[in-house]
Amino acid sequence: MVMDMGRDVVQDDVVELEYTLEQQDMTDAVRLMLRKHKGFVGLLYHPALGATAALIGVVLLVISPLDDLGIGIALIVWGVLMLSVPRMSAGQLRKAQQHHGVIRASVGAAGVRQVSAHADVRTGWANYGSYAESDGVFILRSPDRAGRCSVVLAKRGARTPEDVDRLRAILAANLRRV
């Protein structure tokens, strides 16, 4: 998008999104971020590991409730907490971003521009290292080794399904998909 004396002029190579970040958007982003970690960290937050730990805790409590009481309860609590991490983290992130209100994002060859009630931020592609996609969001990840989430782009903010495809093509042309 180009600003022209206060009027927005849409360019062909730019995809525009307009959205307010919601709990589900942030939960999707946190899940994507955690799943894309490699090694122990990726395994630690995997939902299957949390569910397995909770199940082993229940089995320990059923088989020998007095001998393994502490271990069984600890495994159940840890498993439930690991399953809840994305939702709890997303709630905190959403609260931190809530004051921005409606976000208008423009993504094109030059990078990403986000305009909200309190900010107008432009970033080039060098600010990002990779991107990931879920059913509801794209996340643009920072270039550091951990690839922490830098920007969440909600797909529902696109005007048409073709805009989502164009956005995917722009991201693929400029960033590595993880």
Side-chain angles (χ1 to χ4, degrees), residues 1-39 41-43 45-48 85-178:
M1 177 187 341
V2 175
M3 294 301 289
D4 179 24
M5 301 299 290
R7 298 179 305 269
D8 295 338
V9 177
V10 179
Q11 296 176 346
D12 290 336
D13 62 340
V14 174
V15 175
E16 292 188 345
L17 305 167
E18 187 171 320
Y19 55 90
T20 302
L21 288 172
E22 295 178 357
Q23 178 73 26
Q24 188 59 46
D25 300 330
M26 299 308 279
T27 301
D28 283 354
V30 171
R31 282 191 179 122
L32 277 174
M33 188 175 62
L34 292 175
R35 286 186 189 148
K36 299 306 176 186
H37 282 290
K38 294 180 181 173
V41 173
L43 180 63
Y45 289 107
H46 198 283
V85 162
R87 186 180 47 77
M88 291 186 307
S89 297
Q92 294 302 312
L93 290 171
R94 187 186 60 77
K95 285 179 187 175
Q97 296 293 323
Q98 195 171 19
H99 70 283
H100 286 292
V102 175
I103 298 170
R104 294 182 67 209
S106 303
V107 182
V112 179
R113 178 180 181 201
Q114 291 182 296
V115 179
S116 71
H118 304 289
D120 185 348
V121 180
R122 297 171 195 242
T123 51
W125 292 114
N127 193 55
Y128 309 108
S130 60
Y131 79 99
E133 177 181 5
S134 74
D135 291 339
V137 299
F138 288 101
I139 61 168
L140 307 184
R141 297 162 43 107
S142 63
D144 63 346
R145 185 171 176 220
R148 291 173 181 84
C149 180
S150 296
V151 172
V152 178
L153 301 171
K155 291 180 181 180
R156 64 183 158 65
R159 293 183 183 125
T160 65
E162 291 79 22
D163 282 348
V164 174
D165 293 336
R166 286 182 39 229
L167 176 58
R168 187 178 295 113
I170 292 170
L171 294 175
N174 292 286
L175 300 172
R176 178 178 54 90
R177 182 178 175 148
V178 292

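Every heavy atom of this structure was used, including side-chain atoms; hydrogens, water molecules and symmetry mates were not. This chain uses plain numbering: 1 for the first residue, then up along the sequence.
Contact record, Pro143 with Ala126: CG-O, 4.1 Å, taken as the closest heavy-atom pair. Shown here for Val137 and Val152, the closest heavy-atom pair between the two residues is CG1-CG1, 4.0 Å. Closest approach of Thr20 and Arg156 over heavy atoms only: O-NH2, 2.6 Å. Of all heavy-atom pairs spanning Leu153 and Ala105, the tightest one is CD2-CB, 3.9 Å. Nearest approach of Val164 to Ala158, heavy atoms of both residues: CG2-CB, 3.7 Å.
In terms of the side chain to side chain donor-acceptor pair (under 3.5 Å) criterion, residue partners of Arg168 (sequence neighbours excluded) are, by chain and number, Glu133, Asp165. Applying the side chain to side chain donor-acceptor pair (under 3.5 Å) test to Asp163 and every residue at least two apart in sequence or in another chain returns Arg166. For Thr123, the side chain to side chain donor-acceptor pair (under 3.5 Å) test picks out Tyr128, with sequence neighbours left out.
Under the 3.5 Å distance criterion, with hydrogens and angles disregarded, no donor-acceptor pair is assigned to the side chains of Ser106 and Arg113.
Interatomic distance, CD1 of Ile103 versus NE2 of His118, reported as 11.0 Å (0.5 Å rounding). The distance from atom CG of Leu171 to atom CG of Leu140, rounded to the nearest 0.5 Å, is 5.5 Å. If you take CG on Leu175 and CD1 on Ile170, they are separated by 11.0 Å, rounding to the nearest 0.5 Å. One distance of note links OH of Tyr19 with CZ of Arg104; it measures 12.0 Å at 0.5 Å rounding. Taken from NZ in Lys155 to CG in Leu167, the straight-line distance is 8.5 Å, to the nearest 0.5 Å.
Looking at Asn127, its side chain never comes within 3.5 Å of a backbone N or O of Gly124 through a donor-acceptor pair. Panel note: side chain Trp125, backbone Ala109; a donor-acceptor pair is recorded below 3.5 Å.
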